[in-house]
Amino acid sequence: MLDIKLIRENPEVLDNALKARGAEPKAQELLALDEKRRQVMTDLQELQQRRNEISSLVGSLKAKGEDASHLFEEMKTIGPKMKDLQEVERQAQEDFTGLLEGLPNIQDADTPEGQDEENNVVVHTYGEPTSFDFEPKAHYDLGEELNQMSTELGAKIAGSRFTWLQGDIARLERALGQYMLNKQTEQNGYTEVNPPLMCNADSMYAVGQLPKFEEDLFKTAEGYYLLPTAEAPLTNYARNEIFSEKDLPIQLTALTPCFRSEAGSAGRDTRGYLRQHQFMKVEMVWFVKPEDSMEIHEKMRRHAEEILEDLKLPYRTVRLCAGDLSANARRCYDLEVWLPAQNKYREISSCSNFGDFQARRMKARYRDEERNTQFIHTLNGSGLAVGRTLIAVMENYQQADGSIKVPEVLIPYMGKDIIKAS
RNA sequence: GGAGACGUGGCCGAGUGGUUUAAGGCGCACGCCUGGAAAGCGUGUUGAGCGCAAGUUCUCGCAGGUUCGAAUCCUGUCGUCUCCGCCA
């Protein structure tokens with residue numbers, strides 16, 4: 001959620017930001033609703049003030065044992081007036097916050113222009129696309145031939161976009177998750193969290209999953225939502241909190257399954273393990289003081305990149321252009337890993353700085369040196385998507401005979417250096 | 001699942017219809033005192049909205065309702081705890 005005060009002062013900043021994202025200007029409409037809301041609030045408060053005055057007068061008269069009934073006359077007229085005005089106020093607030101909460105964040109000034117991913121800017125490249133002296137196979141073919149990955153079984157047991165892993169490939173995915181989580185906790189300072197895997201609606205609203213993306217979420221009969229990313233539970237740690245300055249920064253990480261209905265992705269990436277209803281991911285979340293968020297963002301991006309470098313997987317990092325930026329983000333890097341079978345780079349991590357946008361919506365604050373409360377800045381990033389990392393390892397480490405070499409850093413976790421057909 | 005109890009500020013805790021503008025205490029901050037500290041004394045201390053300001057309004061888990069007036073009464077809801085049952 002944006003700060004209305006900033007928009008009052010600089011409405012053109014909002015409209016320029018919306019334009020860059022490919023959206024219509026909204027400042028004028030928003031300010032009109034703001035004006036109306038404030039007028040109604042003032043009117044209502046005058047009535048409330050009068051009611052409080054009379055009420056306290058009644059109290060003092062009664063305390064002295066005197067008659068106060070002559071004051072009820074006016075009070076009786078205030079009641080209905082207040083009720084009407086409260087309804088007007090509620091509507092005005094709803095109109096105003098409805099529009100304000102629907103607006104995306106204002107992206108950083110140096111955000112690349114552009115409408116879609118074509119205009120993202122490559123800022124960093126590691127390694128070269130893996131070369132083979134044979135025709136590399138897709139991970140799903142490798143997995144089937146190893147008899148350790150079955151979409152058929154996934155479909156039989158659950159449905160499409162579910163996969164059955166077994167044997168060394170199942171273990172490889174677990175090894176990847178362990179490796180990442182250990183690295184983030186032992187070397188990069190994150191606190192390991194084992195959060196609820198379902199969230200209530202309040203939490204989902206706080207991180208912006210609701211109301212916009214309801215159709216992408218799995219919902220239980222009891223009204224819980226399966227988490228689409230551990231960002232949801234981890235970020236909600238800060239909801240309605242006021243941290244002391246000395247508490248910050250706070251950095252959390254979790255290895256969790258993520259559940260997405262992929263309602264809008266019918267027909268995309270239908271083969272293989274790339275786009276599943278359920279996948280494992282290590283998530284990193286930071287709560288920081290405003291002045292630190294830019295620096296932390298770069299740091300967190302490195303925490304993601306280093307995993308790929310440890311695994312010696314070729315990748316590139318892109319800075320998202322305005323049109324490709326998610327609504328909450330003011331600045332975002334995507335990490336894209338090389339997938340030989342697709343002959344292209346595919347997203348494997350997204351590292352975002354939300355500024356105070358998310359914090360304002362969920363009332364996450366800290367008390368600064370002058371004892372004022374200020375909104376914190378929130379950041380999150382994947383470190384990394386484990387399922388997609390499994391694909392990348394399988395495809396980049398495949399051998400001519402269909403076996404898969406185990407990346408060096410994972411050998412201790414696997415107890416072997418090569419995965420062969422079982 | 002059954003029965004019951006309870007939700008008040010950073011924490012404890014008083015408050016059962018009207019100067020509650022939420023007592024009192026603890027903690028915390030600042031000041032006085034001190035060679036320094038402790039103790040003691042004094043002041044401050046929920047959060048948010050509107051306003052240039054003075055100020056004003058809201059906030060007693062949340063949402064409704066009753067009433068001239070609600071922390072207080074009623075209904076619903078969420079949460080916590082206790083006992084019983086079931087259970088990994």
Side-chain angles (χ1 to χ4, degrees), chain A residues 1-9 30-101 194-206 210 219-225 233 236-248 250 257 287 356-376:
Chain A
M1 192 165 79
L2 293 168
D3 185 355
I4 185 61
K5 286 177 192 156
L6 294 181
I7 299 173
R8 275 182 214 146
E9 285 160 22
L30 184 69
L31 291 180
L33 291 173
D34 179 44
E35 186 58 39
K36 170 157 193 214
R37 171 188 77 112
R38 288 195 284 169
Q39 184 56 53
V40 173
M41 281 170 75
T42 305
D43 294 348
L44 179 61
Q45 280 178 22
E46 278 169 18
L47 280 178
Q48 287 170 328
Q49 185 176 359
R50 185 63 190 145
R51 180 201 59 186
N52 290 346
E53 280 167 10
I54 297 178
S55 190
S56 126
L57 203 53
V58 172
S60 62
L61 285 177
K62 288 239 172 180
K64 284 184 264 176
E66 293 173 22
D67 180 45
S69 51
H70 60 286
L71 292 168
F72 294 170
E73 202 71 11
E74 184 180 353
M75 280 295 254
K76 277 179 179 162
T77 66
I78 291 178
K81 273 193 218 160
M82 264 183 56
K83 206 153 202 174
D84 291 348
L85 214 47
Q86 268 167 353
E87 176 53 27
V88 176
E89 195 226 8
R90 194 197 57 76
Q91 189 62 50
Q93 289 285 7
E94 191 180 303
D95 293 346
F96 170 74
T97 53
L99 180 57
L100 183 63
E101 286 180 358
N194 190 342
L197 300 180
M198 299 182 220
C199 293
N200 58 33
D202 284 349
S203 294
M204 288 305 195
Y205 275 103
L210 289 176
K219 187 178 185 180
T220 73
E222 295 79 6
Y224 295 112
Y225 295 88
N236 270 281
Y237 176 81
R239 174 157 56 98
N240 293 330
E241 294 292 337
I242 302 176
F243 297 111
S244 304
E245 190 166 9
K246 64 176 165 43
D247 293 335
L248 301 178
I250 293 168
F287 306 121
D356 63 6
F357 187 85
Q358 209 171 35
R360 181 169 285 106
R361 180 167 42 203
M362 66 176 181
K363 300 182 177 64
R365 295 151 291 175
Y366 82 104
R367 212 178 291 284
D368 66 19
E369 281 166 354
E370 287 90 44
R371 290 189 54 76
N372 296 317
T373 58
Q374 268 198 63
F375 290 109
I376 59 170

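It should be emphasised that the depicted structure is a prediction, and the values quoted were computed from it without experimental measurement. Side chains included, hydrogens not; waters and symmetry mates left out as well; all remaining heavy atoms used. Throughout, protein chains are lettered first and strands after them, A, B, ... in sequence-line order, and every chain is numbered starting at 1.
- For A:Phe243, the CZ atom counts as densely surrounded, since its 6.0 Å shell holds more than 12 non-hydrogen atoms of other residues, nucleotides or ligands.
- Using N1 to N3 plus N6-O4 or O6-N4 for Watson-Crick, or N1-O2 and O6-N3 for G-U wobble, each under 3.5 Å, B:C81 pairs with B:G4.
- Across A:Leu210 and A:Tyr205, no two heavy atoms sit closer than the pair O-CD2, 3.5 Å.
- Remark: C1' of B:A48 and NZ of A:Lys5 are 10 Å apart, rounded to the nearest angstrom.
- The salt bridge (charged side-chain N to carboxylate O under 4.0 Å, His left out) contacts involving residues 86-96 of chain A comprise A:Glu87-A:Arg90, A:Arg90-A:Glu94, where partners must be two or more places apart or lie in separate chains.
- Closest heavy-atom contact between A:Phe375 and A:Lys363: CE2-CA, 4.1 Å.
- Distance check on atom C1': B:G2 versus B:C12 gives 33 Å, rounded to whole Å.
- Straight-line distance from the CD atom of A:Gln93 to the P atom of B:A48: 16 Å, rounded to whole Å.
- Atom CG of A:Asn372 is surrounded by more than 12 heavy atoms from other residues, nucleotides or ligands within 6.0 Å.
- Here B:C50 is the nucleotide among B:A48, B:C50, B:C68 with the atom lying nearest to any side-chain atom of A:Arg8.
- Sorted by first then second residue, the salt bridge (charged side-chain N to carboxylate O under 4.0 Å, His left out) pairs that include residues 237-246 of chain A, not counting sequence neighbours, are A:Glu245-A:Lys289.
- B:C26 and B:G10 make up a base pair, with Watson-Crick or G-U wobble contacts both under 3.5 Å.
- Here B:C50 is the nucleotide among B:C50, B:G47, B:C68 with the atom lying nearest to any side-chain atom of A:Met41.
- Annotation: of the two residues near RNA chain B, A:Gly79 and A:Ile4, the 5′-most nearest-nucleotide partner is A:Ile4.
- Computed from coordinates, the A:Glu241 CD to B:G47 C1' distance equals 13 Å when rounded to whole Å.
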Heavy-atom protein contacts under 4.0 Å, nucleotides 59-67 of chain B, coded B base, S sugar-phosphate only, - none: -------S-
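- Using a 3.5 Å distance cut-off with no hydrogens or angles, the side chains of A:Asn200 and A:Ser203 do pair a donor with an acceptor.
- At the phosphate of B:G49, neither OP1 nor OP2 sits under 4.0 Å from any side-chain N or O atom of A:Arg37.
- Searching all strands for a Watson-Crick or G-U wobble partner of B:U66 with both distances below 3.5 Å returns nothing.
- The base-pairing partner of B:G36, taking Watson-Crick or G-U wobble contacts with both distances under 3.5 Å, does not exist among the strands shown.
- What separates CD of A:Gln374 from C1' of B:G47 is a distance of 16 Å, to the nearest Å.
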Candidate pair A:Ile4 and A:Leu30, rule side-chain contact (heavy atoms from CB on, under 4.5 Å), full reasoning: CA-CA 9 Å; A:Ile4 185 61; A:Leu30 184 69; 3.9 Å; yes
Produce the list of close N/O pairs, under 3.5 Å, pairing protein atoms with atoms of nucleotides 26-28 of chain B; give distances to one decimal.
none

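- In this structure B:A48 sits in a base pair with B:U57, meeting the Watson-Crick or G-U test at under 3.5 Å.
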Residue pair A:Met198, A:Glu222: steps toward the side-chain contact (heavy atoms from CB on, under 4.5 Å) verdict: CA-CA 11 Å; A:Met198 299 182 220; A:Glu222 295 79 6; over 6 Å; no
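- Side chain of A:Arg367 to backbone of A:Ser244: no donor-acceptor contact under 3.5 angstrom is found.
- With rounding to whole Å, A:Glu245 atom CD is found 15 Å from B:A29 atom P.
- Remark: B:U20 base-pairs with no nucleotide; criterion is Watson-Crick or G-U wobble with both hydrogen-bond distances under 3.5 Å.
- With rounding to whole Å, A:Phe375 atom CZ is found 12 Å from B:G49 atom C1'.
- Note: CE (A:Met1) to P (B:A48) measures 13 Å, nearest angstrom.
- B:A22 and B:U75 have their C1' atoms separated by 26 Å, with the value rounded to a whole Å.
- With sequence neighbours excluded, no residue forms a side chain to side chain donor-acceptor pair (under 3.5 Å) with A:Gln93.
- A 3.5 Å limit on both hydrogen-bonding distances identifies B:G31 as the Watson-Crick or G-U partner of B:C41.
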Shorter than 3.5 Å, N or O on both sides, protein versus nucleotides 56-58 of chain B: list them out with atom names.
{"residue": "B:U57", "atom": "OP1", "partner": "A:Asn52", "partner atom": "ND2", "Å": "3.4"}
{"residue": "B:U57", "atom": "O3'", "partner": "A:Gln48", "partner atom": "OE1", "Å": "3.3"}
{"residue": "B:U57", "atom": "O2'", "partner": "A:Gln48", "partner atom": "OE1", "Å": "2.7"}
{"residue": "B:C58", "atom": "OP1", "partner": "A:Arg51", "partner atom": "NH2", "Å": "2.6"}
{"residue": "B:C58", "atom": "OP2", "partner": "A:Asn52", "partner atom": "ND2", "Å": "3.4"}

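- Using a 4.0 Å cut-off, no side-chain N or O of A:Ser55 falls inside it from OP1 or OP2 of B:C68.
- Using a 4.0 Å cut-off between a side-chain N of Lys or Arg and a carboxylate O of Asp or Glu, A:Asp34 and A:Arg37 qualify as a salt bridge.
- When each of A:Ser56 and A:Thr42 is assigned the nucleotide of RNA chain B with its nearest heavy atom, A:Ser56 is the one assigned upstream, toward the 5' end.
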